[in-house]
Amino acid sequence: RKLLRKAKKDGCFLVSNHTQVQSDSYIGPLATYPKKCFIISNPDVLCIRGLRLGMQAYGVIPLGTNLEEKKRFLQCVETRLSQRKSVIVYPEAHVWPYYTKIRPFDYQAFWYLSRLKKPMFVLTNCYQKRRFFKKPRIVTYADGPFYPRADLSEIAAAEELRDIAYKTMCD
């Protein structure tokens, strides 16, 4: 939390590896508490009957599937950042429970980070063996802030942010 206080007066992005279905959705909001945190997800999450209103109330921002939806997605992310909120990005896109390595991810998950020029913090979920329990303990490390370089194009800045996030998570 001390590290994330650096972005207290401004919105920020949190980039995290995706290793648990439920605990990953709680770690980001706990780290940014009392600020509200929004999670970028696949639009299929909102198609589950009975969960749509709960997911929207929780703060899920669905990715767009066509050009109009992508424009609205970017406007929504800009609005949340201007309200000094945090936005969580899971670049790995798929959940692999208890996976202990970092999977490679594409630079396209970082294009809006480079476009909006906001700070990026990296949250890495790791596992430690417990002495008396079967399930390992989850430990989250936070690093940052990292900023996109203004002298690079959006794609080059997105690739650089991806490299920084990947190297930080691996370390």
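Note: hydrogens, waters and symmetry copies are ignored here, and every other heavy atom, side chains too, is used.
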- Go through the steps for L161 and Y147 under the test side-chain contact (heavy atoms from CB on, under 4.5 Å), then give the verdict. CA-CA 8 Å; L161 285 174; Y147 291 90; over 6 Å; no

- For F110 and V15, run side-chain contact (heavy atoms from CB on, under 4.5 Å): C-alpha distance rounded to whole Å, both residues' side-chain angles, the deciding distance at 0.1 Å, then the answer. CA-CA 9 Å; F110 294 87; V15 177; 3.9 Å; yes

Considering non-hydrogen atoms only, spot the tightest contact between [X] and [Y] and give its length.
X: P119; Y: G11; result: CD-O, 3.6 Å
X: I164; Y: M120; result: CG2-CE, 4.3 Å
X: A157; Y: L152; result: N-CB, 4.0 Å
X: R130; Y: K135; result: CD-O, 3.3 Å
X: E78; Y: L116; result: CG-CD2, 3.2 Å

- Message: Looking at T124, is its backbone amide N or carbonyl O close enough to the side chain of S16 to form a donor-acceptor pair, meaning the two atoms are under 3.5 Å apart?
- Response: no

- Query: Taking the side chain from E69 and the backbone from T65, do they hold a donor-acceptor pair closer than 3.5 Å?
  - Reply: yes

- Message: Can you see whether T140 engages N125 through a side-chain donor-acceptor pair at a distance of less than 3.5 angstrom?
- Response: yes

- Task: Indicate whether the side chain of R72 and that of Q75 have a donor and an acceptor atom separated by less than 3.5 Å.
- Result: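 Their side chains do not contain a donor-acceptor pair, so the 3.5 Å distance test is not met.
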
- Could you tell me whether F73 and Y112 have their ring centroids closer than 6.0 angstrom? yes

- Message: Ring centroids only, cut at 6.0 angstrom: are F105 and Y166 within range, meaning strictly under it?
- Response: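 Ring-ring flag for F105/Y166: true, centres closer than 6.0 Å.
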
- Does the pair R84/D10 count as a salt bridge with the N-to-O cut at 4.0 Å? no

- Message: Between the side chains of K167 and D163, is the shortest nitrogen-to-carboxylate-oxygen separation below 4.0 Å, so that they form an ion pair?
- Response: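 Result for this pair is no, no salt bridge flagged.
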
- Query: Can you list the steps and then say if L14 with V89 is a side-chain contact (heavy atoms from CB on, under 4.5 Å)?
  - Reply: CA-CA 6 Å; L14 302 174; V89 179; over 6 Å; no

- Message: Whether K36 engages the ring of F38 as a cation-pi pair (distance to the six-membered ring centre under 6.0 angstrom, angle to the ring normal within 45°) should be assessed.
- Response: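 Pair K36/F38 counts as cation-pi.
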
- Message: Taking atom CD1 as the centre, does I155 end up with more than 12 heavy-atom neighbours from other residues, nucleotides or ligands that are less than 6.0 angstrom away?
- Response: no

- Before giving the answer on side-chain contact (heavy atoms from CB on, under 4.5 Å), spell out for Y127 and I138 the whole-Å C-alpha distance, their side-chain angles and the decisive distance to 0.1 Å. CA-CA 5 Å; Y127 294 97; I138 189 167; 4.0 Å; yes

- Message: Within the structure provided, determine whether K118 and C12 are in side-chain contact (heavy-atom separation under 4.5 Å).
- Response: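 They are not in contact (no side-chain heavy atoms under 4.5 Å apart), so the answer is no.
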
